[in-house]
Amino acid sequence: QVQLVESGGGLVRPGGSLRLSCVASGNIRSINAMGWHRQVPGKQRELVATITSGGTINYADSVKGRFTVSRDNAKNTLYLQMNSLKPEDTAGYYCNADITYYVDPNYARYSNLEVWGQGTLVTVSS
């Protein structure tokens with residue numbers, strides 16, 4: 001079917017930057033809205049940023065002015081540029097996407113699916 005794979009997480013000092021990537025693969029017909037979420041153990045997953053296929057963007061208040069979400073539709077890839085990182089940004093970061101995919105090898109039929117990646121860990125610490 002389809003899958004999302006994130007990369008780019010790691011350990012960074014406060015004030016530093018990281019760039020996360022999320023690549024979609026599979027029998028993809030089109031990708032609609034995409035987004036980044038984050039989760040700290042013991043807490044609910046929270047939305048970080050979303051971007052529609054038309055480029056409409058939404059950010060959580062906590063990351064506005066520091067994070068930038070973008071997508072490369074030709075590469076089926078979502079990005080999250082994170083600047084001025086704070087210790088409270090430490091979390092597992094997950095991408096998700098609303099994907100229309102082909103359900104048969106003749107590409108005659110398709111369906112929709114919300115897909116989640118496996119996550120990438122971001123740790124902000126001195």
task: Report yes or no: do V12 and F67 belong to one cluster of Ile/Leu/Val/Met/Phe/Trp/Tyr joined by side chain heavy-atom distances under 4.5 Å?
output: yes

message: Minimum heavy-atom separation for G92 and L121, please, with both atom names.
response: N-CD1, 4.1 Å

Backbone N/O of Q44 and side chain of Q39: donor-acceptor pair under 3.5 Å: no

field: D104 side-chain N/O to R109 backbone N/O, donor-acceptor pair under 3.5 Å
entry: yes

Y79 with V48, same ILVMFWY side-chain cluster at under 4.5 Å: no

Student check: side-chain heavy atoms of Q1 and S25 closer than 4.5 Å: no

task: Please step through side chain to side chain contact (heavy atoms under 4.5 Å, CB included) for the pair D98 and N112, ending with a clear verdict.
output: CA-CA 7 Å; D98 177 25; N112 269 81; 3.1 Å; yes

- request: Taking the side chain as every heavy atom from C-beta outward, state whether P87 and S125 have any atom pair closer than 4.5 Å.
  value: no

field: Backbone of G9 reached by a side-chain donor or acceptor of T120 within 3.5 Å
entry: yes

message: So, taking the atom named CZ in R13 and the one named CG in L11, what distance separates them when rounded to the nearest 0.5 Å?
response: 8.0 Å

query: Within the distance-only criterion (no hydrogens, no angle test), does the side chain of R29 pair as donor or acceptor with the backbone N or O of Y102 below 3.5 angstrom?
result: no

- prompt: Can you tell if the side chain of N76 reaches within under 4.5 Å of the side chain of I31, non-hydrogen atoms only?
  reply: yes

- prompt: According to a 4.5 Å side-chain heavy-atom criterion applied to Ile, Leu, Val, Met, Phe, Trp and Tyr, with indirect links allowed, do L4 and L113 form part of one hydrophobic cluster?
  reply: yes

message: Just verifying a value: how many Å separate S7 OG and Q118 CD, rounded to the nearest 0.5 Å?
response: 9.0 Å

- request: Flag the pair N32 / T52 as yes when at least one side-chain heavy-atom distance between them is below 4.5 Å, and no otherwise.
  value: no

field: Working for side-chain hydrogen bond (donor to acceptor under 3.5 Å, both in side chains), residues D72 and T77
entry: CA-CA 5 Å; D72 184 332; T77 301; over 6 Å; no

field: Connected via hydrophobic side-chain network under 4.5 Å: V23 and I99
entry: no

Rounded distance [0.5 Å steps], CZ in R71 versus SG in C95: 11.5 Å

- prompt: Is R45 close enough and on-axis enough to Y94, meaning under 6.0 Å and within 45°, for cation-pi?
  reply: yes

- line: S111 and V103 have their tightest heavy-atom pair at CB-CG1, 3.7 Å

message: What I'd like to find out is whether the side chain of L80 reaches to under 4.5 Å of the side chain of M82, using heavy atoms alone.
response: yes

field: Taking every non-hydrogen atom, the tightest pair across I51 and L78
entry: CG2-CD1, 3.6 Å

- request: Please check if the side chain of W36 supplies one atom and the backbone of N96 the other of a donor-acceptor pair under 3.5 Å.
  value: no

Check: V124 main-chain N/O paired with T90 side-chain donor or acceptor under 3.5 Å: yes

query: Can you tell me how far SG of C22 sits from OH of Y93, rounded to the nearest 0.5 angstrom?
result: 14.5 Å

query: Shortest non-hydrogen contact from Q3 to V115?
result: CA-CG1, 4.1 Å

query: Quick one: do D89 and K86 make a salt bridge, cutoff under 4.0 Å?
result: no

field: R66 versus S84, closest heavy-atom pair with distance
entry: NH1-O, 3.0 Å

- request: For the pair N83 and S17, evaluate side-chain hydrogen bond (donor to acceptor under 3.5 Å, both in side chains) and give the outcome as yes or no after the intermediate values.
  value: CA-CA 4 Å; N83 299 328; S17 298; 2.9 Å; yes

task: May I have the step-by-step check of side chain to side chain contact (heavy atoms under 4.5 Å, CB included) for L47 and N58, ending in yes or no?
output: CA-CA 10 Å; L47 179 133; N58 181 51; 4.0 Å; yes

task: Quick one: pull up CD in Q81 and CG in L18 and give me the separation to the nearest 0.5 Å.
output: 8.5 Å

field: Between OH on residue Y59 and OG1 on residue T50, distance to nearest 0.5 Å
entry: 9.5 Å

- request: Treat each ILVMFWY residue as a node, draw an edge where side-chain heavy atoms are under 4.5 Å apart, and state whether V5 and V2 are in one component.
  value: no

